[in-house]
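Counting starts at 1 for both ligands and their atoms, following the listed order. No hydrogens, no waters, no symmetry mates; every other heavy atom, side chains included, goes into these values.
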Amino acid sequence: MVASSEAALAGSPTRSDAEVVFNRDEGADNWRMRLRVPGWPRQTAPGQFAMLTPGGLTKLSSDPLLPRPMAVYRVFTEAGGAEVEFLYKVVGRGTTLLSQAEAGEVVGVVGPLGQGFSLPPSKGKAVLVAGGTGVASVYELAALACEKSEVWLLMGARSAADLGNLEDFEALPLNLEIATEDGSRGHRGLVTELMGAAGLDGEEKLTLYACGPTPMMRAVAKLAAERGQRCFVSLENPMACGFGVCLGCAAPRSDGGFSLVCRDGPVFDACEIDWENL
Ligand SMILES: Cc1cc2nc3c(=O)[nH]c(=O)nc-3n(C[C@H](O)[C@H](O)[C@H](O)COP(=O)(O)OP(=O)(O)OC[C@H]3O[C@@H](n4cnc5c(N)ncnc54)[C@H](O)[C@@H]3O)c2cc1C
Ligand code: FES
């Protein structure tokens with residue numbers, strides 16, 4: 001794996017109750033929550049995640065029993081901690097409870113956790129492919145990569161409404177291409193079809209990054225392997241503990257073993273993953 005200065009600089013995780021700064025509905029079950037997190041380290045590697053507990057770490061209720069993993073979307077560092085933003089989709093009990101947290105209430109946070117993305121080589125080309133909630137994992141990567149590389153962000157969703165609020169990405173100096181399955185915005189079809197449209201098919205010297213549904217990442221990994229392109233993926237296996245204890249997040253490796261997504265990932269070199277058995 002390419003050495004990642006950001007990964008090397010990432011600090012120790014905090015375990016604390018964080019005050020909700022805001023938590024807002026952005027349509028189509030997409031929510032944006034900002035937390036003021038005491039003890040959050042000064043450095044977060046792009047692609048790291050946190051385990052969130054609605055109601056706080058010491059709440060009496062056991063609902064939900066387990067914290068929920070969420071990618072760190074953006075970090076605003078401040079003295080003594082940070083404000084950390086998460087983008088999440090309400091899909092079940094845990095995310096429903098998260099969406100009910102109001103400003104001033106607390107959410108338990110353990111993070112930042114896991115291994116983040118390596119940056120593309122300086123003056124290189126980077127193509128970020130993000131589908132659905134996978135977009136939350138790539139903002140900090142996109143922002144950092146833009147400083148030294150040419151960046152394409154290929155974003156896919158079912159419909160324009162599912163894309164959520166793209167203002168942060170639109171403010172970055174990158175090439176943004178969009179695909180929706182129903183054609184309500186951008187190319188009608190799958191996000192992987194944009195790779196050819198962006199004229200990047202024949203480029204060997206680019207680094208691919210993919211985060212989203214497993215079939216999408218599998219397709220990107222296959223294309224990268226066929227073209228000899230470097231590819232990193234961020235897996236979203238369901239997690240219980242988030243730090244390598246429960247073994248619940250194991251992902252099959254191409255060498256026959258298993259990796260723990262929470263501890264060894266969530267970011268992996270795509271060629272390390274056994275995509276047939278994931
Ligand atoms: C490292 C990591 C980062 C993540 N980052 C984000 C993020 O930034 N934004 C976001 O919206 N979600 C993210 N997820 C997924 C998120 O953790 C789950 O959607 C959440 O835990 C669901 O909790 P729930 O109780 O609401 O739903 P549950 O009741 O647990 O599940 C509801 C439905 O969602 C499905 N589901 C649950 N977990 C996952 C998962 N990991 N992947 C796909 N389907 C799942 C279940 O199979 C079920 O169909 C991430 C997951 C991981 C492992
Ligand atoms: S979530 Fe427990 S080992 Fe990974």
**Report entry** Exam field: side chain Asp264 to backbone Leu260, donor-acceptor pair closer than 3.5 Å
**Finding:** yes
Query raised in the report: Quick one: which ligand 1 atoms are inside 4.0 Å of a heavy atom on Met239?
Result: 1 (C), 53 (C)
Requested in this report: Quick one: look up the protein heavy atom nearest atom 3 (C) of ligand 1 and list residue, atom name and how far away it is.
Outcome: Ala71 N, 3.6 Å
Query raised in the report: Could any protein non-hydrogen atom be found less than 4.0 Å from atom 43 (C) of ligand 1?
Result: no
Query raised in the report: Do Arg253 and Ile273 come within less than 4.5 Å of each other through their side chains, counting heavy atoms only?
Result: no
Requested in this report: Look at Cys249 and state whether any of its N, O or S atoms is less than 2.8 Å from atom 4 (Fe) of ligand 2.
Outcome: yes
Query raised in the report: Which atoms of ligand 2 are found less than 4.0 Å from any heavy atom of Val245?
Result: 3 (S)
**Report entry** Main-chain N/O of Gly27 paired with Asn30 side-chain donor or acceptor, under 3.5 Å
**Finding:** yes
Report summary line: Any heavy atom of Leu87 under 4.0 Å from ligand 1? The part involved is backbone
**Report entry** Atoms of ligand 1, numbered as shown, that sit under 4.0 Å from any heavy atom of Tyr88
**Finding:** 9 (N), 10 (C), 11 (O)
Query raised in the report: Looking at Ala240, which atoms of ligand 2 are within less than 4.0 Å of one of its heavy atoms?
Result: 1 (S)
**Report entry** Side-chain donor or acceptor of Asn175 paired with backbone N/O of Val151 under 3.5 Å
**Finding:** yes
Report task. For atom 17 (O) of ligand 1, decide whether some protein heavy-atom distance is shorter than 4.0 Å. Result -> yes
Report task. Under 4.0 Å from a heavy atom of Met239: give me the atoms of ligand 2 that qualify, with their elements. Result -> 1 (S)
Query raised in the report: Taking the inter-plane angle between the rings of Tyr73 and Phe169 on a 0 to 90° scale, is it parallel (under 30°), tilted (30 to 60°) or perpendicular (over 60°)?
Result: tilted
Query raised in the report: Sub-3.5 Å donor-acceptor pair from the side chain of Arg34 to the main-chain atoms of Arg32, do we have one?
Result: no
Query raised in the report: How does Val261 reach ligand 1, by side chain, by backbone, by both or by neither, if only non-hydrogen atoms under 4.0 Å count?
Result: neither
Query raised in the report: Looking at atom 53 (C) of ligand 1, would you say a protein heavy atom lies below 4.0 Å from it?
Result: yes
Requested in this report: Looking only at protein heavy atoms, identify the closest one to atom 1 (S) of ligand 2 and say how far it is in Å.
Outcome: Gly242 N, 3.3 Å
Report task. Taking only heavy atoms of Cys246 into account, list the atoms of ligand 2 that are under 4.0 Å away from them. Result -> 1 (S), 2 (Fe), 3 (S)
Query raised in the report: Is there side-chain contact between Cys262 and Phe49, with at least one heavy-atom pair below 4.5 Å?
Result: yes
**Report entry** Per-atom contacts of ligand 1 with Ala136, taking only distances under 4.0 Å to non-hydrogen atoms
**Finding:** 8 (O)
Query raised in the report: Which residue and non-hydrogen atom of the protein lie closest to atom 3 (S) of ligand 2, and at what distance in Å?
Result: Leu247 N, 3.1 Å
Report task. Consider only side-chain heavy atoms of I, L, V, M, F, W and Y, link residues closer than 4.5 Å, and tell whether Leu176 and Tyr139 are in one cluster. Result -> yes
Query raised in the report: Short list, please: which atoms of ligand 2 are under 4.0 Å from a heavy atom of Cys262?
Result: 1 (S), 3 (S), 4 (Fe)
Requested in this report: Measure from atom 32 (C) of ligand 1 to every heavy atom in Thr96, Val91, Leu98 and give the option owning the shortest one.
Outcome: Val91
Requested in this report: With heavy atoms of Gly244 as the reference, note each atom of ligand 2 found under 4.0 Å away.
Outcome: 3 (S)
Query raised in the report: Where is the nearest protein heavy atom to atom 41 (N) of ligand 1: which residue, which atom, and how far?
Result: Glu236 O, 2.6 Å
Query raised in the report: For atom 28 (P) of ligand 1, which candidate among Cys249, Gly92, Pro213 holds the nearest heavy atom?
Result: Gly92
Query raised in the report: Side chain of Thr207, backbone of Cys231: donor and acceptor closer than 3.5 Å?
Result: no
Query raised in the report: Between Thr180 (side chain) and Ser184 (backbone), is there a donor-acceptor pair under 3.5 Å?
Result: yes
Query raised in the report: Is there side-chain contact between His187 and Glu177, with at least one heavy-atom pair below 4.5 Å?
Result: no
Query raised in the report: Under 3.5 Å, is there a donor-acceptor pair between the side chain of Thr95 and the main chain of Gly92?
Result: yes
